[in-house]
Amino acid sequence: MADLLDDEHLEAGTQPDLRVMLDAQRQTCPVARTPDGAVTLLAHADVRAAALDPETFSSAVSAHRALPNSLDGEEHRAYRRLIDAYLTEAEVAAQEPQCRAHAAAIVAALPRGATVRTVLDIGTPFAVRVQSTWLGWPSEIEQELVDWVADNREATRSGERARMAEVAERFDAIISRLLDARRDGSLDDVTARLMNDRVDGRPLEHAEIVSILRNWTAGDLASLAACVGVIVHHLATDVALQSHLRQLVADGRVGDFEDAVEEILRIDDPFVSNRRVATRDVVVGKELIAAGSRVVLNWTAANRDPDAFAEPDAFNPADHAGNNLVFGVGPHVCPGRALTLMELRVIIWELLARTSRITMSHERGPVRELPPVSGWAKVPIVLDPA
Ligand code: HEM
């Protein structure tokens with residue numbers, strides 16, 4: 001399979017920065033219409049208000065039922081109760097040792113003084129390994145998942161429905177195989193626990209289990225890898241920020257470190273948008289959005305709105321945390337936030353603790369993702385020994 005995360009058609013310095021495009025669009029046209037009639041909300045106040053008003057902005061965006069993403073109201077709450085139980089503070093804390101072990105092994109194996117590909121050599125293997133271990137999936141499946149992440153990214157970027165459907169089916173087949181391996185009750189892990197879980201007093205159906213697992217892994221493997229790319233790029237290009245984070249490591253300030261991670265992701269949010277559908281005619285800004293219109297909540301644009309963040313590019317976790325929308329807001333707010341922040345803290349912490357300096361490689365430049373994806377496709381760095 002082609003190594004799409006490192007393909008040569010992406011050349012340094014030739015990619016547009018989606019953030020620059022979104023910043024300009026938000027300034028001139030915060031409620032933007034696309035030729036196919038969809039409406040994109042770009043201003044922080046509009047995105048936040050829509051996410052907090054699920055009665056007007058429903059998540060039932062397609063005939064396809066995605067759990068819990070596409071549900072509304074009481075039905076959504078029932079599935080969220082089930083899902084949230086897997087992602088509590090205690091569950092996340094229990095995952096930290098395995099995350100640390102994966103992070104340590106990945107960082108130890110990286111060369112010092114030579115170019116390292118952040119997304120490919122650090123972000124992707126880390127994402128696949130920590131999610132697989134969390135769910136109890138065997139390590140033999142890792143390469144299949146890495147290939148799948150790359151294919152899914154390309155299919156999403158192409159926007160071709162047939163291609164996206166083929167990739168989605170492939171993922172369902174992987175999950176079905178994992179479920180089959182647990183039917184005899186011999187395995188006791190998060191996947192097996194989910195198979196025996198109940199919603200509204202009845203067992204989950206096969207399709208429901210597949211859907212939940214798809215939403216825990218499918219998008220999030222790529223998102224986690226992308227987040228690593230964004231954070232490492234920030235550190236490698238901002239000496240003061242890197243020494244600030246190194247100091248947090250030296251002082252053992254775990255909470256401040258996670259706040260820093262979330263703030264860096266606000267400045268360059270790789271998880272761009274989610275969809276809604278208007279259930280009634282509604283006016284946003286000066287624009288009438290007709291009932292039935294598809295609506296896109298653009299988190300990346302909202303997170304850089306000067307009306308919410310006086311200096312959007314400034315690193316200021318204390319002032320910006322209250323308005324940070326990296327993990328969304330409202331009933332669909334990301335249930336994986338605590339897990340994600342722990343995982344990102346552990347890998348970046350390990351990277352800083354085991355090196356004395358992280359700089360951008362002089363051999364190759366960084367390459368941004370192609371819109372509509374954001375963040376970095378390639379972040380070539382050099383690690384100096386500790
Ligand atoms: C890697 C970084 C991640 C980012 C930036 C992120 C961001 C988000 C955002 C913005 C939403 C809100 C969606 C909406 O309002 O429609 C969301 C929802 C969701 N996230 Fe995450 N997420 C990440 C990782 C994860 C992980 C690791 C998991 C699971 C373990 C996860 C599971 C979910 C689920 C199930 C939903 C849907 C919640 C619902 O509809 O009620 N996310 N995420």
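Predicted model, so just to flag it, every value in this text is computed and none were measured. Each ligand, and each atom within it, is numbered from 1 in the order the structure gives. Below, all heavy atoms of this structure are taken into account, side chains as well, without hydrogens, waters or symmetry copies.
The main-chain N or O of Gly330 is never found under 3.5 Å from a side-chain atom of Arg48 such that the two would form a donor-acceptor pair. For Gln25 (side chain) and Ala32 (main-chain N/O), no donor-acceptor pair under 3.5 Å exists by modelled atom type. With hydrogens and angles ignored, the 3.5 Å screen pairs a side-chain donor or acceptor of Asn196 with a backbone N or O of Ala192. Under a 3.5 Å cut-off, the side chain of Asn303 and the backbone N or O of Trp299 do form a donor-acceptor pair. In this structure, Thr133 contributes its side chain and Val130 its backbone to no donor-acceptor pair below 3.5 Å.
The closest protein non-hydrogen atom to atom 15 (O) of ligand 1 is Arg276 NH2, 2.7 Å. Taking atom 20 (N) of ligand 1 as the reference point, the nearest protein heavy-atom neighbour is Cys334 SG, 3.2 Å. Of the protein's heavy atoms, Pro335 CD, 3.5 Å lies nearest to atom 19 (C) of ligand 1. Here the heavy atom of the protein found nearest to atom 40 (O) of ligand 1 is His332 ND1, 2.6 Å. Nearest to atom 3 (C) of ligand 1 among the protein's heavy atoms is Phe327 CE2, 3.7 Å. When only non-hydrogen protein atoms are considered, atom 27 (C) of ligand 1 lies nearest to Thr340 OG1, 3.4 Å.
Residue Gly328 has at least one heavy-atom neighbour below 4.0 Å for each of these atoms of ligand 1: 10 (C). The atoms of ligand 1 that sit less than 4.0 Å from any heavy atom of Asn69 are 37 (C), 40 (O). Residue Leu224 has at least one heavy-atom neighbour below 4.0 Å for each of these atoms of ligand 1: 1 (C). Atoms of ligand 1 lying under 4.0 Å from at least one heavy atom of Trp134, given by number and element, are 30 (C). Near Asn274, the atoms of ligand 1 lying under 4.0 angstrom from a non-hydrogen atom of the residue are 10 (C), 12 (C), 13 (C), 14 (C), 16 (O).
You'll find the ring centres of His234 and Phe315 outside the 6.0 Å limit. For Phe257 and Trp349, the ring centers sit closer than 6.0 Å to each other.
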Handout entry: salt bridge (Lys or Arg N to Asp or Glu O under 4.0 Å) between Arg368 and Asp268, worked out
Key = CA-CA 11 Å; Arg368 279 202 78 80; Asp268 190 359; 2.8 Å; yes
Exercise for the section: Give the intermediate values and the outcome of side-chain hydrogen bond (donor to acceptor under 3.5 Å, both in side chains) for residues Thr355 and Arg246. Expected result: CA-CA 10 Å; Thr355 60; Arg246 286 187 180 280; 3.0 Å; yes
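Using a 30° and 60° split on the angle between ring planes, His76 and His332 fall in the tilted class, from 30° to 60°.
Ligand 1 has no nitrogen or oxygen under 3.5 angstrom from a nitrogen or oxygen of Glu343. Considering both main-chain and side-chain atoms, Ser223 never comes within under 3.5 Å of ligand 1 through any nitrogen or oxygen pair.
Between Pro68 and ligand 1 there is a heavy-atom distance shorter than 4.0 Å. Under a 4.0 Å heavy-atom criterion, Val326 is in contact with ligand 1. Residue contact check for ligand 1: His76 places a non-hydrogen atom closer than 4.0 Å to it.
With Leu135, Asp269, Asp220, Leu87 as candidates, the residue nearest to atom 32 (C) of ligand 1 on a non-hydrogen basis is Asp220.
Contacts of Arg80 with ligand 1, taken as heavy-atom pairs under 4.0 Å, involve the side chain alone. Heavy atoms of Arg337 found under 4.0 angstrom from ligand 1: none, in either backbone or side chain. Contact annotation for Phe271 and ligand 1: only side-chain heavy atoms (C-beta onward) come within less than 4.0 Å of the ligand.
If you run ring pair (Phe, Tyr, Trp, His ring centres under 6.0 Å) between Trp216 and each of Tyr86, Trp137, Phe171, only Tyr86 comes through.
Looking only at atom types and distance, the side chain of Gln143 has a donor-acceptor partner in the side chain of Asp147 under 3.5 Å away.
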